[in-house]
Asker: 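Here's a structure for you.
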Amino acid sequence: MSVTVLNHSLVKHKITNIRKKETKTKDFYQNVNEIAGLMAYEISREFPLREIEIETPICKTIQYEIAQEVCIVPILRAGLGMVDGIRSMIPTAKVGFIGLYRDEETLEPHEYFAKFPDTMKDSIVLVVDPMLATGGSAIAAIDMLKKRQCKNIKFVCLVAAPEGIEALTEAHPDIDVYVASLDEHLNENGYIVPGLGDCGDRLFGTK
């Protein structure tokens, strides 16, 4: 597996925008989508291709198309904020959904909703969640996808803590991880530092 931190000037600029506490819902949502689109461009660089014969206005020619379907699986609810940005780059991508809640006593994540395309197990699956803090939700989501026979899974997030990266890579050493920003650490309350606050609340204007 690999962990890739996207060192891109536009990504850094837009991450700065969503970190600012004064950024309002509209601009926050727009920037999250734009970052996700930029990340999709980089992640898809190594997608396998197949040859296809087409006809241009001039002649027949052998060209290329992505060889596998792509499926985006947001972890509800904050992961929804990244879907449109990725689909702007890969409009043929299908979308599945995973909903998780955390047990207040054990702090373990539990599935409360799951819905997926029929072709998902043979697709390139992009699990998306803006934040990777402790790694618990990401690990649980990937566990669920592997139980459904998915073989080509990538995890995509905006901001990650080193603790979350370590936990995810230990639990799923075969999964490639893509991060827009690797932050400093988790604080005593489990928040990423410097982070960007509660991404779901800021995306959807809730408290």
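This one's a predicted model, so the numbers in the text were calculated from it and none came from an experiment.
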Asker: Would a single hydrophobic cluster contain both V32 and F97, if residues Ile, Leu, Val, Met, Phe, Trp and Tyr are joined by side-chain heavy-atom contacts under 4.5 Å?
Answerer: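 Linked, F97 and V32 end up in one cluster.
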Asker: Evaluate the side-chain contact (heavy atoms from CB on, under 4.5 Å) criterion for residues I153 and D174: first the C-alpha distance (whole Å), next the side-chain angles of each, then the deciding distance (0.1 Å), finally the verdict.
Answerer: CA-CA 9 Å; I153 304 170; D174 56 325; over 6 Å; no
Asker: I need the C199 SG to M82 CE distance, nearest 0.5 Å.
Answerer: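 One finds 8.5 Å between SG of C199 and CE of M82.
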Asker: Would you mind reporting whether V73 and C71 have side-chain heavy atoms less than 4.5 Å apart?
Answerer: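 SC-SC contact between C71 and V73 confirmed.
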Asker: Okay, side chain of S44, backbone of F47: is any donor-acceptor separation there less than 3.5 Å?
Answerer: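 Flag not set: sc S44 to bb F47 has no pair under 3.5 Å.
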Asker: Distance check, rounded to the nearest 0.5 Å: F204 atom CZ versus Y29 atom OH?
Answerer: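 Here the rounded value is 6.0 Å.
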Asker: Just checking E166: does its CD atom have more than 12 heavy atoms from other residues, nucleotides or ligands closer to it than 6.0 angstrom?
Answerer: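 At most 12 heavy atoms, drawn from other residues, nucleotides or ligands, come within 6.0 Å of this atom.
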Asker: Check whether L10 and Y41 end up in the same hydrophobic cluster, where Ile, Leu, Val, Met, Phe, Trp and Tyr are linked by side-chain heavy atoms less than 4.5 Å apart.
Answerer: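 Same cluster: L10 reaches Y41 through Ile, Leu, Val, Met, Phe, Trp or Tyr contacts under 4.5 Å.
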Asker: Given 3.5 Å as the limit, does a donor-acceptor pair link the side chain of N187 with the main chain of N189, or not?
Answerer: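 Yes.
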Asker: Identify the two heavy atoms, one from C150 and one from V125, that lie closest to each other, and give their separation to 0.1 Å.
Answerer: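 In this case the closest contact between C150 and V125 is SG-CG2, 4.2 Å.
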Asker: Within this structure, what is the CD1-CG distance for the pair I18 and L158, rounded to the nearest 0.5 Å?
Answerer: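 The CG atom of L158 is 5.0 Å from CD1 of I18, to the nearest 0.5 Å.
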Asker: Kindly give the heavy-atom pair with the smallest separation between F116 and L145, and that separation in Å.
Answerer: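 Reported closest heavy-atom pair: CE2-CD2, 3.9 Å.
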Asker: For D129 and S137, indicate whether the former's side chain and the latter's backbone hold a donor-acceptor pair under 3.5 Å.
Answerer: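 Here the side-chain-to-backbone pair does not exist.
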Asker: Please check if L126 and L49 belong to a single hydrophobic cluster, counting links between Ile, Leu, Val, Met, Phe, Trp and Tyr side chain heavy atoms closer than 4.5 Å.
Answerer: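 Looking at the clustering, L49 is in the same group as L126.
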Asker: Run D201 and R77 through salt bridge (charged side-chain N to carboxylate O under 4.0 Å, His left out) and show every step you take.
Answerer: CA-CA 9 Å; D201 284 349; R77 69 191 155 130; 2.7 Å; yes
Asker: Heavy-atom distance under 4.5 Å between the side chains of T4 and L6, does that happen here?
Answerer: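 The answer is yes, as the side chains (C-beta and beyond) meet within the 4.5 Å cut-off.
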Asker: Could you go step by step and tell me if N17 and N31 meet the side-chain hydrogen bond (donor to acceptor under 3.5 Å, both in side chains) rule?
Answerer: CA-CA 7 Å; N17 288 342; N31 276 274; 3.2 Å; yes
Asker: Between R148 (side chain) and M120 (backbone), is there a donor-acceptor pair under 3.5 Å?
Answerer: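 Judged by distance alone, no pair lies under 3.5 Å.
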Asker: Taking atom NE2 of H13 as the centre, does the number of heavy atoms from other residues, nucleotides or ligands within less than 6.0 Å exceed 12?
Answerer: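 Result for NE2/H13: open.
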Asker: For side-chain hydrogen bond (donor to acceptor under 3.5 Å, both in side chains), just list the numbers for T119 and E69, CA-CA rounded to whole Å, side-chain angles, deciding distance to a tenth of an Å, and then say yes or no.
Answerer: CA-CA 8 Å; T119 56; E69 286 191 0; 2.6 Å; yes
Asker: If you compare all heavy atoms of I15 against all heavy atoms of A180, which two are closest, and at what distance to 0.1 Å?
Answerer: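 Minimum heavy-atom contact is CD1-CB, 3.9 Å.
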Asker: Is any side-chain heavy atom of S123 closer than 4.5 Å to one of K94?
Answerer: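 When only atoms from C-beta onward are counted, S123 and K94 do not touch, as no gap falls below 4.5 Å.
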Asker: Could you report the tightest heavy-atom contact between I75 and A141, atom names first, then the distance?
Answerer: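 Looking at all heavy atoms of both residues, the shortest contact is CD1-CB, 3.7 Å.
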Asker: Donor-acceptor pair, distance only, cut-off 3.5 Å: does the side chain of R87 make one with the backbone of A93?
Answerer: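 Yes, R87 side chain to A93 backbone: donor-acceptor pair under 3.5 Å.
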Asker: Of the non-hydrogen atoms in R45 and E42, which two are nearest, and what is the gap between them?
Answerer: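 Residues R45 and E42, closest heavy atoms: NH2-OE1, 3.0 Å.
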Asker: Do the side chains of E55 and T61 get nearer than 4.5 Å, heavy atoms only?
Answerer: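 No; the side chains remain at least 4.5 Å from each other.
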Asker: Test salt bridge (charged side-chain N to carboxylate O under 4.0 Å, His left out) on D183 and R19; report intermediate values, then the result.
Answerer: CA-CA 12 Å; D183 279 18; R19 289 194 196 276; 2.8 Å; yes
Asker: Can you measure from CD1 (I90) to CD1 (I66) and round to the nearest 0.5 angstrom?
Answerer: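 Interatomic distance, I90 CD1 to I66 CD1, rounded to 0.5 Å: 6.0 Å.
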Asker: Strictly distance-based, threshold 3.5 Å: is any side-chain N or O of T56 a donor or acceptor partner for the main-chain N or O of I58?
Answerer: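 Checked: pair present.
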Asker: As an exercise, state the distance from OH of Y178 to CE of M39, rounded to the nearest 0.5 Å.
Answerer: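 So the gap between those two atoms works out to 9.5 Å.
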Asker: Indicate, with yes or no, if V128 and F113 share a hydrophobic cluster defined by side-chain heavy-atom contacts under 4.5 Å among Ile, Leu, Val, Met, Phe, Trp and Tyr.
Answerer: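 Both belong to a single hydrophobic cluster.
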Asker: Heavy-atom distance under 4.5 Å between the side chains of L132 and F155, does that happen here?
Answerer: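 The answer is yes, as the side chains (C-beta and beyond) meet within the 4.5 Å cut-off.
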Asker: For a quick test of reading the model, state the closest non-hydrogen atom pair linking T23 to F28 and the distance between them.
Answerer: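 The answer is CG2-N, 3.6 Å.
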Asker: Backbone N or O of I124 within a donor-acceptor pair of the N152 side chain at under 3.5 Å?
Answerer: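 It does not hold such a pair.
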Asker: Could you give the distance from CD1 (I72) to CG (L80), rounded to the nearest 0.5 Å?
Answerer: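 So the CD1 of I72 and the CG of L80 are separated by 11.0 Å.
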Asker: With a 4.5 Å limit on heavy-atom distance, are the side chains of E163 and T134 in contact?
Answerer: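 A side-chain contact under 4.5 Å is absent here.
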Asker: Can you tell if the side chain of E53 reaches within under 4.5 Å of the side chain of K60, non-hydrogen atoms only?
Answerer: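 A side-chain contact under 4.5 Å exists here.
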Asker: Working note: Y112 + L76, criterion side-chain contact (heavy atoms from CB on, under 4.5 Å); need CA distance, chi angles, decisive distance, verdict.
Answerer: CA-CA 10 Å; Y112 69 85; L76 302 178; 3.8 Å; yes
Asker: Are K14 and E34 close enough, and set up right, to give a salt bridge (charged side-chain N to carboxylate O under 4.0 Å, His left out), and what steps lead you there?
Answerer: CA-CA 8 Å; K14 293 175 186 299; E34 289 171 352; 2.7 Å; yes
Asker: Do V95 and P74 come within less than 4.5 Å of each other through their side chains, counting heavy atoms only?
Answerer: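 Of all side-chain heavy-atom pairs linking P74 with V95, at least one is under 4.5 Å.
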Asker: Given the rule in the side-chain contact (heavy atoms from CB on, under 4.5 Å) test, do M131 and I192 qualify, once you have shown the distances and angles that lead to the verdict?
Answerer: CA-CA 8 Å; M131 314 288 284; I192 300 173; 3.7 Å; yes
Asker: For L38 and M89, what are the C-alpha separation, side-chain angles and deciding distance, and is it a side-chain contact (heavy atoms from CB on, under 4.5 Å)?
Answerer: CA-CA 8 Å; L38 290 167; M89 298 299 296; over 6 Å; no
